2 protein chains.
Amino acid sequence: MSTTRGRIDKRQAILEGAFTVFARLGYAQAGVQDIAAEAGVAKPTVYNHMTDKATLFRHALEAAAQTVLSERLAALDPLVAPGDDLPATLEGVAYELLRLHTDQRSCSLKRLLYSEITTFPDALDLVLDSGPHRLNQALADRLARLVLSGRLRATDPDLAAEQFMALLTGPLEARTRMGTQQITDSELRTMARAAVETFVRAWSAS
Amino acid sequence: MSTTRGRIDKRQAILEGAFTVFARLGYAQAGVQDIAAEAGVAKPTVYNHMTDKATLFRHALEAAAQTVLSERLAALDPLVAPGDDLPATLEGVAYELLRLHTDQRSCSLKRLLYSEITTFPDALDLVLDSGPHRLNQALADRLARLVLSGRLRATDPDLAAEQFMALLTGPLEARTRMGTQQITDSELRTMARAAVETFVRAWSAS
DNA sequence: CGTCGATTGTACTCACCAGTTCAACGTCAT
DNA sequence: ATGACGTTGAACTGGTGAGTACAATCGACG
């Protein structure tokens, strides 16, 4: 049993190490040697678990995407039972989403996706469908319940969710210089407040 | 003179060919040989004009960025003298911006930037500062004049510009599958209308 | 202890490609 | 014509890295 355990651990270590190195150097520059070293493993061991550098890349991306998605979904939780102060609840969720969008893993994942779309067109299916789309869906669901309780305008919740995310993450690209620059926490708060204020002004019932 | 002409033409051909091939294959996969072929030129000629593959990349990016920026700035022109129907004018500008944001060159440029940030950190300075930032500035200027004429709320025009662009281009990423999927013209119209409607609802004077 | 499978280090093959060299060629200016 | 200069094709060098082969080692389990 512990041997199986060991194998699983190695596999995990390899996937995480691979993502780390790919994120740091890009697909082409990252050597399988480097990845093995990062994972604390010998090069042949990598090829014992993954047939290819390419499939290694795909699996590493997929794993990272899973993590990122679940984190973001969890951030939406407060919306299922918003308090009396809806804007405050929205602002909390917005801040949390911003924090997640600016962290290391998210930025690296986005960069890697963008950079290797041309050489790995199928990576999109592994990540995107299980990514922003599912998040939008979840957010739209939460917003729809707010519509029913008369707190939001009774129009397309999907559109509302889309625009909420747009208002939130749109300004990020410029501010973080495409994810290369970290941002202060108070600035994140400010951005969340600005996005929510505009969103509420445009979408609140009345 | 015609020899000079010829040299200039070769240089242009090389830059354009380089951007095309880099966009198609990515920096690492693109061979200087391929680029030379695309430009209709011999490989040593490339090295006659550019010292390096890296500097070739930088110059190609810079040239493409210039083109993209000037196109987008031109799209803002209608805002200097908007007609009586402000939303209609905004919608026209929005549509034009969307069209430019979805075209081949823009998408490729964005992808290349994202992919090579790690290996070319300085490319950001060549492109970003002369890119979205300048565009936002210009848009904010136009919006400020609308504030003065009492058509928009008298708060931060920079924020307004930022959110206008966010509402516009945020939904793009998902819809175009990160620029890999083309989008129908009517859908572009719809997106422009939705963005402008929300923007006006949140920012119009009233 | 002995066996089996996974792991390790090392060292190798093989392909690919950036960058260079060189001799031949075209073209324009004087 | 002649010379200067950019261009061209082809062949070469050197480095790098994916993937593999192999013999030695480790650790679990009967």
Side-chain angles (χ1 to χ4, degrees), chain A residues 1-61 112 115-116 118-120 122-123, chain B residues 1-62 112 115-116 118-123:
Chain A
M1 183 63 77
S2 76
T3 123
T4 309
R5 183 85 262 142
R7 284 184 63 187
I8 292 185
D9 287 352
K10 298 269 181 191
R11 189 181 200 87
Q12 283 304 325
I14 290 172
L15 286 178
E16 289 169 20
F19 184 77
T20 304
V21 177
F22 281 137
R24 180 162 55 231
L25 302 176
Y27 177 78
Q29 278 300 314
V32 176
Q33 191 68 251
D34 307 337
I35 293 173
E38 177 79 25
V41 142
K43 184 160 75 145
T45 306
V46 174
Y47 285 101
N48 232 9
H49 290 266
M50 313 302 235
T51 68
D52 234 278
K53 186 185 177 185
T55 62
L56 171 57
F57 181 70
R58 271 182 263 259
H59 282 100
L61 267 200
L112 281 176
S115 60
E116 308 302 336
T118 42
T119 39
F120 296 94
D122 54 310
Chain B
M1 183 62 75
S2 75
T3 125
T4 308
R5 185 83 263 145
R7 284 184 63 186
I8 292 185
D9 286 350
K10 297 266 180 191
R11 187 180 202 88
Q12 282 305 327
I14 289 173
L15 286 178
E16 289 169 20
F19 183 77
T20 304
V21 177
F22 281 136
R24 180 162 56 231
L25 302 176
Y27 178 78
Q29 278 300 317
V32 176
Q33 192 69 249
D34 307 336
I35 294 173
E38 176 79 27
V41 144
K43 185 160 74 147
T45 307
V46 174
Y47 287 100
N48 233 8
H49 290 266
M50 313 301 239
T51 67
D52 239 20
K53 187 186 178 186
T55 62
L56 170 57
F57 181 71
R58 271 183 262 260
H59 282 101
L61 267 200
E62 198 173 6
L112 281 176
S115 60
E116 309 303 335
T118 42
T119 39
F120 296 94
D122 54 310

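In what follows, chains carry the letters A, B, and so on, assigned in the order in which the sequence lines appear, proteins first and then strands, with residues in each chain numbered from 1. Predicted, not measured: the structure shown is a model, and the values here were computed from it.
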* **Geometric class of the A:Phe57/A:Phe120 ring pair [parallel <30°, tilted 30-60°, perpendicular >60°]** =>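 Tilted: the ring planes of A:Phe120 and A:Phe57 meet at 30° to 60°.
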* Let me have a per-nucleotide readout for nucleotides 10-18 of chain D, 5' to 3', with B, S or -, counting only protein heavy atoms under 4.0 Å. => B-------S
Whole angstrom is fine here: how far is it from [atom1] in [X] over to [atom2] in [N]?
X       : N      : atom1 : atom2 : result
B:Phe22 : C:dC17 : CZ    : P     : 13 Å
A:Asp9  : D:dA28 : CG    : P     : 13 Å
A:Arg11 : C:dT7  : CZ    : C1'   : 15 Å
B:Ile14 : D:dT7  : CD1   : P     : 7 Å
B:Asn48 : D:dG9  : CG    : P     : 14 Å

* Asked: Which atoms form the tightest heavy-atom contact between A:Gln29 and A:Asp34, and what is the distance?
  ->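 It is O-OD2, 4.2 Å.
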* How far apart are the closest heavy atoms of A:Val46 and A:Val32, and which atoms are they? ->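 Here A:Val46 and A:Val32 meet closest at CG1-CG1, 4.1 Å.
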Below 4.0 angstrom from OP1 or OP2 of [N], is there any side-chain N or O of [X]?
X       : N     : answer
B:Lys10 : D:dC5 : no
B:Thr45 : D:dT8 : yes
B:His49 : D:dG6 : no

* To do: With the side chain counted from C-beta on, respond yes when B:Lys53 and B:Phe22 share a heavy-atom pair under 4.5 Å apart, and no when they do not.
  =>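 In short, these two side chains touch, coming nearer than 4.5 Å.
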* Are the side chain of A:Lys10 and the backbone of A:Ala39 linked by a donor-acceptor contact shorter than 3.5 Å? ->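 Between the backbone of A:Ala39 and the side chain of A:Lys10 there is no qualifying donor-acceptor contact (under 3.5 Å).
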* Asked: So does B:Arg58 pair up with B:Asp52, basic N to acidic O under 4.0 Å?
  ->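 A salt bridge is absent here (no side-chain N lies under 4.0 Å from a carboxylate O).
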